[in-house]
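The next block holds one structure in the form of C-alpha cells; read it before the comments.
This is a predicted model, so every value here is computed, not measured. Remember, it's 1-based here, ligands and their atoms both numbered in the order they're listed.
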Amino acid sequence: MNVTNPATGKVIGEVPEDTPETIAAKLEGARAAQAGWAAVPLEERRARLRGFRNGLVGCKEDLARRLTAEVGKPIRQSWAELDAMPARIDFFLENVGRVMEEETVFRDAGKGLEERVAYEPLGVVANISAWNYPYFVGSNVFVPALLTGNAVLYKPSELASLTGQAIADLMRDAGVTAEVFTPVFGAGAVAAQLLTHPLDGVYFTGSHATGRKVAEAAGRGLMRMQLELGGKDPVYVCEDVDLDQAAPSVAVGAFYNTGQSCCAVERVYVHERIHDAFVEAFVNTVGAFVVGDPTDETAFIGPVTRPAQIEVLEAQVEDARRKGAQVPLGGRRREGPGSWFEPTVVTHVDHRMELMREESFGPVIGIQKVKGDDEALSLMNDTRYGLTAGVYSRDRERARRILSSVRSGSVYWNCCDRVSPRLPWSGRGHSGIGATLGLDGIRAFLQPKAWHLRAPRA
Ligand code: TXE
C-alpha cells in the first residue's frame with residue numbers, strides 16, 4: 001500500500017497490506033495472548049504504558065515530521081498533538097486503578113452473605129481509527145483498552161499508516177508484545193474483513209457513513225460497539241462579545257488542522273446587531289492565516305488530506321452560491337501538485353444549503369445572521385449531529401441557558417474545538433454512541449462481574 005504526501009502528491013512510503021489470512025493469524029495470536037496480559041499486575045501494565053508515553057516524548061521530532069509528511073498537518077500542529085500526549089496518557093495511568101477497583105455492595109454477616117462487583121476486560125477488541133488526529137483518537141482507545149487488560153487489534157487509517165506503524169513500534173519497545181497490541185494495515189476492505197471475526201468489541205473513530213457500516217457488522221457479530229463520529233458543530237456569537245477576542249477564537253476553531261477536526265466549528269450564527277462587524281473581523285483573521293508548505297513553521301493551513309474531499313468542498317460552496325450565498329474569501333481549489341483548497345468564508349447562508357447541513361471537514365465555513373437567542377438555539381439544534389456546540393457571550397447565565405438546551409455531547413462557553421482528557425467525549429445522534437476519555441472512557445473497556453458469596457455454615 002502506497003503512502004502519499006497530500007501536500008506534494010508524491011509517494012513517500014509503503015506499508016504491507018493485511019490479507020484475510022494475516023488478519024486471521026493476528027486475531028488468533030491476540031486471543032492466545034490476552035489472558036496472560038490481563039493477568040499481568042496492573043502496576044506492571046501501567047509501567048509498560050508509561051514506557052510507551054516516554055517513548056513518544058523521546059522521539060517527538062521524528063514522529064511529528066512523519067505525521068506532517070503523511071497527512072499534511074502543519075508542523076506546529078503536529079508538535080502540539082504530540083506535546084498533549086503525556087497529559088492524556090497520564091490521566092489514564094492515574095485513574096485506571098480506581099475504575100477497576102472491586103467493591104462490596106452488600107454484606108449480611110448474620111446470613112454470611114456478601115455481594116461484590118468486579119470489573120473484567122472484554123477480551124480482544126478492534127480499534128479502527130481515523131487520520132486527522134491519529135495520536136489522540138488512537139490513544140483514547142488503545143491506552144485504556146490495554147491498561148484494563150484487553151488485547152487490541154489496531155487498524156490505523158490508511159492515510160496515517162506510517163504513524164500507525166510508529167505507534168506499534170513504540171509499544172513493542174515499551175514491552176507490550178506484538179500479540180497484545182497488533183497493528184492491522186489497509187483500507188476499508190481490510191477493516192471490514194477484520195469485523196467478520198468474532199471480536200469482543202469494536203471501537204471506531206471516523207465518519208458517520210462508515211460508522212453505520214461498522215454498526216451493521218457489530219450487530220451481526222453481536223459485539224460491544226463504540227462510535228466516535230463526525231459533527232456539524234455550531235457556535236453562536238452574542239451581541240455582547242468583544243469582537244477582537246471572539247472573531248479570532250472562532251476562526252481558529254474553524255480552521256485549525258485545516259478544518260479537519262471532528263469538533264471543528266462548522267457553522268457560525270451571529271447576532272444581527274454585530275453580524276457585519278463580526279464578518280469583517282473574521283475575514284481579516286482568516287485572510288491572515290498562512291497557507292502553505294506544512295513543514296514550514298509559519299504555516300497554519302495545509303493541504304486537504306483526502307483528495308476526494310476537495311470535490312465535497314467545491315460542491316458545498318457551489319450549492320450555497322446558487323442559493324444566494326456570498327463568498328467574501330476563497331471559494332476555490334488551488335491548482336498545482338497536492339490537494340489544496342483556499343480558506344473559504346461563506347456568508348448569507350441558510351439551512352437549505354448543504355454547507356450548513358453536512359460535515360465539510362475542510363477549510364470552509366458558513367456564517368449566518370440571527371435575530372436572537374431563540375432563533376440561534378433552534379438553528380443549532382437543526383441537525384442530526386450532536387458532537388459539540390459553543391456560545392460566545394459575556395453573560396455566563398445566558399450561555400448556560402442556551403447550552404443546556406443544545407443536543408450535543410460537549411458544550412463550550414467562550415471557547416471551542418477543545419478536548420480534555422478529564423471530560424467524557426461523546427456524541428448525540430449521528431455523532432456517535434458511547435464515550436471516550438474521562439472515567440467513562442476507561443469503563444468502556446470493562447464488563448462487570450457480579451459475585452454472590454455465601455460463607456459455609458460454621
Ligand atoms: O473517516 P472514515 P476518516 C470523524 C470526522 C470525520 C471522519 C474523518 O469528523 O467524519 O472522522 O476520518 C475505516 N468497515 N472523526 O476520513 O473514512 C478506514 O479504513 C470498517 C470523529 O478517517 O470513516 C479508517 O480506518 N471500517 C472524531 C476508518 O474506517 C472501515 C474524531 C475511518 O475512515 C470501512 C476524529 C468499513 N466498511 C474524526 N471503510 C470523534 N467524534 O471523536 C473504511 N473503514
Side-chain angles (χ1 to χ4, degrees), residues 1 6 15 17-18 23 70-73 81 88 126-141 153-161 163-164 183-197 199 202-221 223 225-233 256-266 304-309 312 358-362 383-388 408-410 417-421 423-438 441 444:
M1 210 170 51
V15 177
E17 192 173 6
D18 272 288
I23 292 171
E70 73 176 333
V71 305
K73 191 186 289 266
E81 184 171 349
R88 200 170 271 229
N127 174 9
I128 298 176
S129 205
W131 49 264
N132 59 337
Y133 285 94
Y135 287 102
F136 285 166
V137 298
S139 65
N140 290 353
V141 171
L153 292 165
Y154 168 57
K155 214 296 279 166
S157 164
E158 60 274 29
L159 300 175
S161 297
T163 295
V184 174
F185 295 107
V190 166
Q193 171 68 27
L194 175 59
L195 296 183
T196 61
H197 291 278
L199 298 160
V202 52
Y203 293 75
F204 173 81
T205 310
S207 61
H208 171 256
T210 313
R212 290 175 74 129
K213 294 183 194 164
V214 170
E216 283 167 16
R220 273 194 299 275
M223 50 181 118
M225 170 188 73
Q226 186 157 300
L227 305 174
E228 299 283 343
L229 310 178
K232 190 69 194 167
D233 297 359
Y256 195 83
N257 207 35
T258 314
Q260 303 169 116
S261 308
C262 49
C263 52
V265 177
E266 288 249 342
V304 171
T305 307
R306 203 173 31 197
Q309 196 66 13
V312 174
E358 295 305 325
E359 196 179 35
S360 302
F361 218 62
T383 176
R384 304 184 85 166
Y385 290 105
L387 195 56
T388 83
S408 71
S410 295
D417 189 27
R418 179 177 192 279
V419 178
S420 162
L423 291 171
W425 185 254
S426 67
R428 307 275 195 270
H430 282 195
S431 290
I433 294 174
T436 49
L437 298 172

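Residue Leu229 has at least one N or O atom closer than 3.5 Å to an N or O atom of ligand 1. Between Glu158 and ligand 1, at least one pair of N/O atoms sits closer than 3.5 Å.
Side-chain N or O atoms of Thr305 include one that pairs as donor or acceptor with a backbone N or O of Val71 at under 3.5 Å. No side-chain donor-acceptor contact under 3.5 Å links Asp233 to the backbone of Glu266. The backbone N or O of Asn132 lies less than 3.5 Å from a partner atom in the side chain of Asn257, making a donor-acceptor pair. A donor-acceptor pair under 3.5 Å is formed between the side chain of Ser157 and the backbone N or O of Leu159. For the pair Ser261 (side chain) and Cys263 (backbone), a donor-acceptor distance under 3.5 Å is absent. Side-chain N or O atoms of Glu81 include one that pairs as donor or acceptor with a backbone N or O of Phe136 at under 3.5 Å.
Heavy-atom distances between Gly432 and ligand 1 stay at or above 4.0 Å for every pair. Note on ligand 1: Ala187 sits in its first shell, one or more heavy atoms being nearer than 4.0 Å. For the ligand labelled ligand 1, residue Phe136 lies outside the 4.0 Å heavy-atom shell.
Among protein heavy atoms, the minimum distance from atom 32 (C) of ligand 1 is reached at Thr205 O, 3.6 Å. Counting only heavy atoms of the protein, atom 31 (C) of ligand 1 lies nearest to Cys262 SG, 2.9 Å. Given atom 1 (O) of ligand 1, the protein heavy atom at minimum distance is Ser207 N, 3.4 Å. Looking from atom 39 (N) of ligand 1 to the surrounding protein, the closest heavy atom is Gly188 CA, 3.2 Å. Nearest protein neighbour of atom 13 (C) of ligand 1, counting heavy atoms only, is Ile128 CG2, 3.7 Å. Nearest non-hydrogen protein atom to atom 12 (O) of ligand 1 is Ala130 CB, 3.5 Å. The nearest heavy-atom contact from the protein to atom 28 (C) of ligand 1 is Ser129 O, 3.4 Å.
The cationic group of Lys73 lies under 6.0 Å from the six-membered ring centre of Tyr133 and within 45° of the ring axis, placing it in a cation-pi geometry.
Of all atoms in ligand 1, numbered sequentially from 1 with element shown, those under 4.0 Å from a heavy atom of Lys155 are 18 (C), 19 (O), 24 (C), 25 (O). Counting atoms of ligand 1 from 1 in the listed order, those under 4.0 Å from a heavy atom of Leu387 are 41 (N). Atoms of ligand 1 found under 4.0 Å from any heavy atom of Trp425, numbered from 1 in the order shown, are 40 (C), 41 (N), 42 (O). Within the listing of ligand 1, atoms 20 (C) sit less than 4.0 angstrom from a heavy atom of Val214. Of all the atoms in ligand 1, the ones that sit under 4.0 Å from a non-hydrogen atom of Asn132 are 35 (C), 38 (C).
Atom-to-atom distance recorded for Gln309:CD and Glu359:CD is 7.5 Å, nearest 0.5 angstrom. Separation of atoms CG (Leu195) and CZ (Phe204) is listed at 9.5 Å; rounding is to 0.5 Å. Remark: Ser431 OG to Leu227 CG distance equals 11.0 Å, nearest 0.5 Å.
Of the heavy atoms in His208, none comes closer than 4.0 Å to ligand 1. The proximity of Phe204 to ligand 1, defined as any non-hydrogen pair under 4.0 Å, is limited to the side chain. Contact annotation for Leu159 and ligand 1: no heavy atom of the residue comes within less than 4.0 Å of the ligand. Looking at Ala217 against ligand 1, nothing comes within 4.0 Å, counting heavy atoms. For Arg306, every heavy-atom contact with ligand 1 shorter than 4.0 Å involves the side chain, none the backbone.
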Step-by-step side chain to side chain donor-acceptor pair (under 3.5 Å) determination, Glu70 to Ser161:
CA-CA 8 Å; Glu70 73 176 333; Ser161 297; 5.4 Å; no

